[in-house]
Amino acid sequence: MTNVYDVLKERGFIEQATHEEEIRELLGKESVTFYIGFDPTADSLHVGHFLQMVVMAHMQKAGHRPIVLIGGGTSMVGDPSGKTEMRKMLTLEEIQYNSERFKAQFSRLIDFDNGRAIMVNNADWLAELKYIPFLREIGKHFSVNRMLTAECYKGRLEKGLSFLEFNYMLMQSYDFLELYRRYNCKLQMGGSDQWSNILGGVELIRRVERASAYGLTFKLLTTSEGKKMGKTESGAVWLDPEKTSPYDFYQYWRNVDDRDVEKCLALLTFLPMDEIKKLGSLEGAEINRAKEILAFEVTKLVHGEEEAKKAQKAAKALFANGADLDSVPATEIPRTKLKDGMGILDLLIHVGLTSSKSEGRRLIQQGGLYIEDERVDSIDLNIEEKDFRDNKLMLRKGKKTYLLIKLV
RNA sequence: GGAGAGAUUCCCGAGCUGGCCAAAGGGGGCAGACUGUAAAUCUGCUGGCAAAGCCUUCGGUGGUUCGAAUCCACCUCUCUCCA
């Protein structure tokens, strides 16, 4: 059986490791409990988290036990790594709610049955901490000099860093220690921005427990241009279908840059590597086939096969000849609203295609709006009930944004 | 606690010897052309509205003025240096 470490390495996940050889050996000979921390700062996970879920799934498949650590306690402090500003603090209820949502999303890729994976909240132990004992037991092991030279604080040292946030590293290190004690967790993984926090924990366990602990970071999911992936103009690409529809999710991957296709296939799908290499080497327009597979596979993992098929069908139909279909993003509009007709500019706002009339006016004046594949050339166009065929009307903004309006 | 610097439209960043400022430039975004639902490139747009006009905007509140992003006072916040 191949070592997971090699799998992760081959697929390009790994950025840095504390003890590369030892980790590889450990993963090869025993079932290792490991953890990744997640901040419950939003009510859904996004693509960046998905990458980490995939890693956990690879690990679990190889017989290791994942711990999903919800940072209920640490998120009350806020990780300053790579951030330019202090984060807002969340209430307990929000954190609770967000964690519930997370678990549902994790369950798609990770099996939590019979303790094969665990989900814990670090508020359980962090909230109880007493200041003096904490300083005496944990604080004494940290050198401020060393912390200040850490890469992750560099940016903040120029902009200002509060003592509150400065403590984040201690808390995360303490998490690792606590998980080591409770679950014999020996390995922490995380994004490469977590490197110094992870190191802190590894060293802490070595000092306090005189035990070996390890850390591993993955590459952040970035585009070939170095930008963070999974961000669009309208925000993150979420895993929650309410926040990012399966169709939009599919389209996001369908539209990745040529240069990113192979990387995405390796990191975000479970297709075998030789197949991925083949797909990645397709030339010219051919590479669209690889993109379709990427989009389909990732959508399937996140939203299920059913939704993935629907999204794919919709995309194909729309881009082939503009036929309307059920799985295209759709909005409903009550019949009564259109009794006296509705100006096109108002309609655009109503269905959320534009955010102001000026924007709609510009869109139309620049020839970017189509109704049933006919370019709209007047901003005074009035939409009435009789314009709908079968109670449906297909709008298109630009080349790729379709919206089906249903009359109800 | 003391001394200084600053807060501008989505972001960065000009303007700050008062009217020509809805505010340069860049980034980002949107649209058009080209194309492969890619990239690169080129073009236009990018506060709102009942649109040759009007309204709201330059950290906040007041004031000076015919007129303020620009001047004055107070406040809030941020940064730098000193303790």
Side-chain angles (χ1 to χ4, degrees), chain A residues 80 83-88 153-165 222-237 245-265 279-296 298-299 311-323 325 327-329 342-346 348-349 352-371 373-380 382 394-403:
Chain A
K83 299 285 184 311
T84 47
E85 281 170 27
M86 222 170 99
R87 288 196 203 164
K88 61 165 193 190
Y153 289 132
K154 285 247 174 76
R156 288 305 295 271
L157 283 177
E158 283 158 24
K159 285 241 162 193
L161 176 68
S162 71
F163 185 67
L164 173 82
E165 293 174 285
T222 52
T223 67
S224 54
E225 283 159 349
K227 283 192 230 153
K228 250 192 193 169
M229 255 183 128
K231 294 265 180 211
T232 67
E233 58 294 345
S234 44
V237 176
S245 74
Y247 175 82
D248 288 334
F249 189 85
Y250 178 94
Q251 282 299 316
Y252 181 81
W253 301 109
R254 181 60 248 269
N255 284 317
V256 297
D257 192 301
D258 284 7
R259 293 165 290 180
D260 295 324
V261 178
E262 188 170 334
K263 182 167 73 187
C264 288
L265 281 166
L279 288 170
S281 62
L282 292 173
E283 296 278 333
E286 279 288 285
I287 201 155
N288 277 321
R289 256 178 49 223
K291 291 187 190 180
E292 271 172 35
I293 292 171
L294 170 69
F296 181 78
V298 181
T299 309
Q312 187 171 48
K313 224 171 89 186
K316 280 189 171 160
L318 285 177
F319 285 96
N321 48 25
L325 251 147
S327 26
V328 175
M342 190 186 230
I344 184 67
L345 297 178
D346 287 314
L348 285 174
I349 295 174
L353 232 37
T354 57
S355 57
S356 71
K357 290 194 182 180
S358 300
E359 195 182 320
R361 205 171 277 125
R362 262 177 246 131
L363 181 70
I364 291 171
Q365 279 163 357
Q366 293 180 125
L369 183 73
Y370 300 78
I371 293 181
D373 260 359
E374 292 273 333
R375 185 174 266 182
V376 176
D377 51 13
S378 162
I379 57 172
D380 299 318
N382 203 44
M394 179 66 83
L395 294 189
R396 190 177 113 214
K397 179 188 160 203
K399 270 171 266 193
K400 298 181 204 165
T401 313
Y402 289 86
L403 186 72

Touch class at under 4.0 angstrom, heavy-atom based, for A/R375 against every strand present: sugar-phosphate
Which part of the nucleic acid does A/S358 contact within heavy-atom distance under 4.0 Å: base, sugar-phosphate only, or nothing? base
Identify which nucleotide among B/C49, B/U35, B/A38 has an atom closest to any side-chain atom of A/S356, counting heavy atoms from C-beta outward. B/C49
Nearest to the A/A285 side chain among B/G36, B/G48, B/U35, which nucleotide is it? B/G36
Check the distance between B/A31's P and A/D377's CG and give it to me in whole angstrom. 18 Å
Tell me what A/K357 touches on the nucleic acid: a base, only sugar-phosphate, or nothing, going by heavy atoms under 4.0 Å. sugar-phosphate
Before we go on, tell me: are the rings of A/F319 and A/Y402 under 6.0 Å apart, centre to centre? yes
May I ask you to say what A/K397 touches in the nucleic acid, namely base, sugar-phosphate or nothing, with a heavy-atom cut-off under 4.0 Å? sugar-phosphate
Please report the distance, rounded to the nearest Å, between CG in A/N288 and C1' in B/A39. 12 Å
Would you indicate what A/V261 reaches in the nucleic acid, counting non-hydrogen atoms under 4.0 angstrom: base, sugar-phosphate, or nothing? nothing
Nearest-Å distance, CG (A/L279) to P (B/G36)? 21 Å
According to the Watson-Crick and G-U wobble definitions, with both distances under 3.5 Å, which nucleotide is paired to B/C81? B/G2
With a non-hydrogen cut-off below 4.0 angstrom, is A/Y250 in contact with a base, only sugar-phosphate, or nothing? nothing
Is any N or O donor-acceptor pair between the side chain of A/Q366 and the base of B/G44 shorter than 3.5 Å? yes
Using a cut-off of 4.0 Å on non-hydrogen atoms, how would the nucleic acid contact of A/G398 be classed: base, sugar-phosphate, or nothing? sugar-phosphate
